[in-house]
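Down below is the structure, laid out as structure tokens.
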Amino acid sequence: MSLSKAEEILKRLIEDLRSRFGDRVLEVNVEPKKIVKILVALECIKDVAQYLKSEWAIDYIKGVTGVDLSKLPNNAQEALEIIYHVGSLSSEALKGITISLSTKVSISNPVMPSLTGIWKGAEMHEREVYEMLGVSFEGHPDLRRLLLPEFWSDGPPLRKNYMVPGREGQSG
Amino acid sequence: MDLHLGRITWFQGGRDKVAREEVKSLEVYETGPTLTFSMGPQHPGTGHFRMVITVVGDIVVRCDPDPGFVHRGEEKMCEYKTWITNIPHLERPAILDAAGMTYPYVLAVERLMGVEPPERAKYLRVIMAELQRICSHLYWLGLMGVFAGHATMYMWCFGDREYLVDLTQLIGGQRITHSYFVPGGVRNDAPSKVPRELVKNFRTYYRMMLGKDYPSGEVPEDFRKYVLAVCDFFDTRLDEYYPMLLDSPIFIYRTKGIGVLKREDAISLGVVGPVLRGSGVKSDTRIDEPYDAYPYIKFNVPTMDGCDSYSRMMVGYYEMKESVRIIKQAVEQMPEGPVKLKQHPVTIKVPAGEVFASAEAARGQCSFYIRSDGTDKPYRVKICSPSFRNLIAMPYLIKDVRIADIPIIYWSLNYWPVECDR
């Protein structure tokens with residue numbers, strides 16, 4: 001599949017999302033070969049995900065990333081960005097495209113709806129984000145810790161304010 | 001336990017309670033008509049990984065995977081190390097498949113920097129990635145043989161693997177953890193001559209295994225010809241694996257119809273690699289999003305429709321055959337020329353931006369999400385490793401099966417605990 005064809009489909013997908021969800025699609029960042037990121041408002045992430053799955057056959061989850069934005073050199077904000085990397089296996093046209101659907105939750109109240117009802121495979125990924133960044137997913141069937149030991153009592157380790165023992169003076 | 005429980009305070013809005021209950025449920029098991037026990041982390045059939053299994057008699061009714069025994073905080077470590085010094089520690093999660101793990105990282109950094117490696121480097125990377133795929137699959141096949149009650153397979157796989165690992169050492173300088181890939185190329189060129197000692201050993205092994213001398217009388221010491229000789233030899237050996245393991249009644253009886261993962265489940269759970277292809281989904285990153293020299297090489301993506309443990313093993317077996325084909329073509333087509341753009345200092349700065357890059361590692365699609373803030377260290381590195389994505393299949397597959405089937409299903413997923421925990 002040529003890159004131009006893929007770009008064309010992506011363009012249509014984004015236009016479709018924009019027309020349906022209006023200004024709740026906050027930011028779209030399409031960089032060929034790098035990333036296709038769609039930032040949506042927190043209140044509509046579940047609807048967007050459901051729409052992508054039912055209308056565009058985005059049915060395959062590749063990963064969930066959480067990023068702490070509080071130490072970005074410019075544009076720092078007290079928020080966590082949660083990114084769902086999703087793709088499609090049923091749609092031949094969208095094969096090989098990864099869409100990064102993202103939303104922002106505030107650090108003071110890190111709660112967001114779980115997308116496990118839409119992409120079942122997100123279960124373990126969301127558990128990892130929960131323990132590593134302290135984001136609670138509402139409606140998750142089994143929100144427990146996954147990788148950290150049971151006796152872990154420090155803060156969520158992938159937050160930027162967590163200091164790695166022995167590396168306190170270094171920037172990270 | 002109270003000592004630890006009292007300090008879990010970071011979960012906001014009532015999460016504290018959940019954390020307490022979670023610890024409690026890990027420590028106390030209910031007894032009754034069912035029996036719950038831990039399989040691992042010391043069990044030889046699981047590696048550094050624990051499953052909490054609930055059984056009624058001999059039948060498993062629930063499996064709760066508990067990874068994290070080998071969690072090293074690779075993602076956090078990436079934020080403290082520079083772009084270049086990240087490479088050696090990023091291959092540790094899957095040392096058998098170091099090329100597969102570092103491939104997407106290097107691709108991601110290159111895309112952020114906006115550079116392309118030289119042609120020769122692209123081919124060398126493909127050769128290395130495929131060699132490591134074969135080594136990793138041989139390990140898998142060998143271990144699967146052991147757990148299916150077929151110890152000969154273990155010996156064969158590890159004996160043959162040695163010559164492919166030697167080849168890795170010849171190219172990259174190390175047997176497994178070679179840190180061979182760097183942004184903008186590979187670390188060093190492949191040698192033009194093969195040491196005489198290596199050729200001698202290979203000839204002896206060839207005679208031992210196949211009962212005849214290498215056809216041309218002498219294995220050439222030229223690098224290109226030596227790689228082809230090893231590939232031809234390994235291809236012949238693969239043909240012998242089929243009747244030995246995959247057509248053997250013991251193996252078929254133990255694996256056919258065990259651990260069935262239906263096609264639609266495989267997609268909705270988001271599994272990758274041989275597990276996905278064993279369920280009949282034709283998806284391979286090398287074809288779907290071709291990178292480096294893969295577009296110039298002809299190969300098939302094997303899939304099986306059985307959806308069971310046997311299908312997954314067969315996919316692994318055929319993948320090795322395809323990898324041999326790829327290495328042969330790559331060695332033939334590889335042009336002369338430089339192998340890297342330039343020698344980067346370790347404090348290299350990468351332009352700010354975000355990237356999501358994938359490559360096909362031995363266990364499936366391995367992806368990296370990287371966010372750069374323009375300094376000499378990454379702002380955030382997320383590793384979506386294939387074993388982590390296959391982990392979710394475990395509670396689905398290890399259900400309503402016998403205890404004796406657990407190792408079979410576990411190994412058919414080619415699950416690697418370190419790669420999952422990162």
Side-chain angles (χ1 to χ4, degrees), chain A residues 1 29 31 33-37 59-68 71-74 83 85 89-90 95-98 100 108-111 119-125 128 130 132 134 136 143-158 160 162 164 167 170-172, chain B residues 1 3-4 6-13 15 18-19 22-23 25-27 66-68 71 73 75-77 79-80 111-112 265 267-272 276 281 283 285 287-289 352-358 365 367 369 371 373-375 377 379-380 382 384 388-389 391-392 421-422:
Chain A
M1 192 175 59
N29 181 15
E31 287 178 73
K33 297 218 93 179
K34 279 193 197 166
I35 198 161
V36 179
K37 201 168 90 172
D59 54 1
Y60 185 60
I61 183 134
K62 301 185 177 182
V64 181
T65 310
V67 188
D68 184 349
K71 286 258 174 74
L72 273 176
N74 36 31
I83 312 171
H85 307 286
L89 286 181
S90 345
K95 227 174 193 180
I97 292 179
T98 305
S100 300
S108 52
N109 182 28
V111 180
W119 296 303
K120 215 197 274 177
E123 190 180 325
M124 295 291 178
H125 296 287
E128 195 200 351
Y130 161 69
M132 293 296 175
S136 294
L143 199 61
R144 286 178 294 147
R145 285 205 218 156
L146 192 64
L147 299 174
L148 293 177
E150 297 92 272
F151 51 81
W152 180 266
S153 52
D154 286 342
L158 281 179
K160 287 287 175 184
Y162 174 75
V164 178
R167 285 184 183 270
Q170 300 173 33
S171 64
Chain B
M1 288 307 292
L3 185 74
H4 307 305
R7 290 173 62 207
I8 301 177
T9 51
W10 52 272
F11 297 91
Q12 278 92 357
R15 281 287 149 216
V18 176
E22 176 188 318
V23 175
S25 72
L26 284 170
E27 296 300 321
D66 177 21
H71 175 64
E75 292 178 5
K76 189 76 179 173
M77 211 180 333
E79 296 171 14
Y80 284 90
R111 284 174 196 175
L112 277 174
D265 287 343
I267 295 176
S268 74
L269 291 178
V271 297
V272 283
L276 184 64
V281 183
S283 161
T285 319
I287 300 277
D288 296 344
E289 334 170 26
E354 286 169 89
V355 64
F356 185 82
S358 308
Q365 185 181 52
S367 312
Y369 166 83
R371 188 165 192 149
D373 56 358
T375 59
K377 290 169 187 164
Y379 184 76
R380 174 82 167 94
K382 161 79 185 176
C384 305
F388 187 78
R389 288 170 68 182
L391 172 70
I392 188 158
D421 296 356
R422 288 155 287 146

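The chains referred to below are lettered A, B, ... by the order of the sequence lines, with proteins before strands, and numbering in each begins at 1. Source: prediction; values computed, not measured.
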Name the region of [X], side chain, backbone, both or neither, that has any atom closer than 4.5 Å to a heavy atom of chain A.
X: B/Leu276; answer: side chain
X: B/Ser268; answer: both
X: B/Val272; answer: both

Among [options], single out the residue with the greatest number of heavy-atom pairs under 4.5 Å to chain A.
options: B/Val271, B/Ile287, B/Thr375; answer: B/Val271
options: B/Leu269, B/Asp421, B/Ile267; answer: B/Ile267
options: B/Arg422, B/His71, B/Glu289, B/Glu354; answer: B/Glu354

Highest number of heavy-atom pairs under 4.5 Å with chain B among A/Leu89, A/Val111, A/Leu72 belongs to A/Leu72

Of A/Val36, A/Thr98, A/Asn74, A/Asn29, the largest count of non-hydrogen pairs under 4.5 angstrom with chain B goes to A/Thr98

Quick one: does B/Lys382's side chain have a donor or acceptor within less than 3.5 Å of a partner on B/Ser367's backbone? no

Does a side-chain heavy-atom distance below 4.5 Å link A/Val64 with A/Trp119? no

> Below 4.5 Å, heavy atoms only, C-beta onward: do B/Tyr369 and A/Val67 meet side chain to side chain?
Replying inline: yes

Residue set satisfying salt bridge (Lys or Arg N to Asp or Glu O under 4.0 Å) with B/Arg111, at least two apart, ordered chain then number -> none

Contacts of A/Glu123 meeting salt bridge (Lys or Arg N to Asp or Glu O under 4.0 Å) (sequence neighbours excluded), chain-then-number -> none

- request: Please determine if B/Arg380 and B/Glu75 form a salt bridge, counting it only when a charged side-chain N lies under 4.0 Å from a carboxylate O.
  value: yes

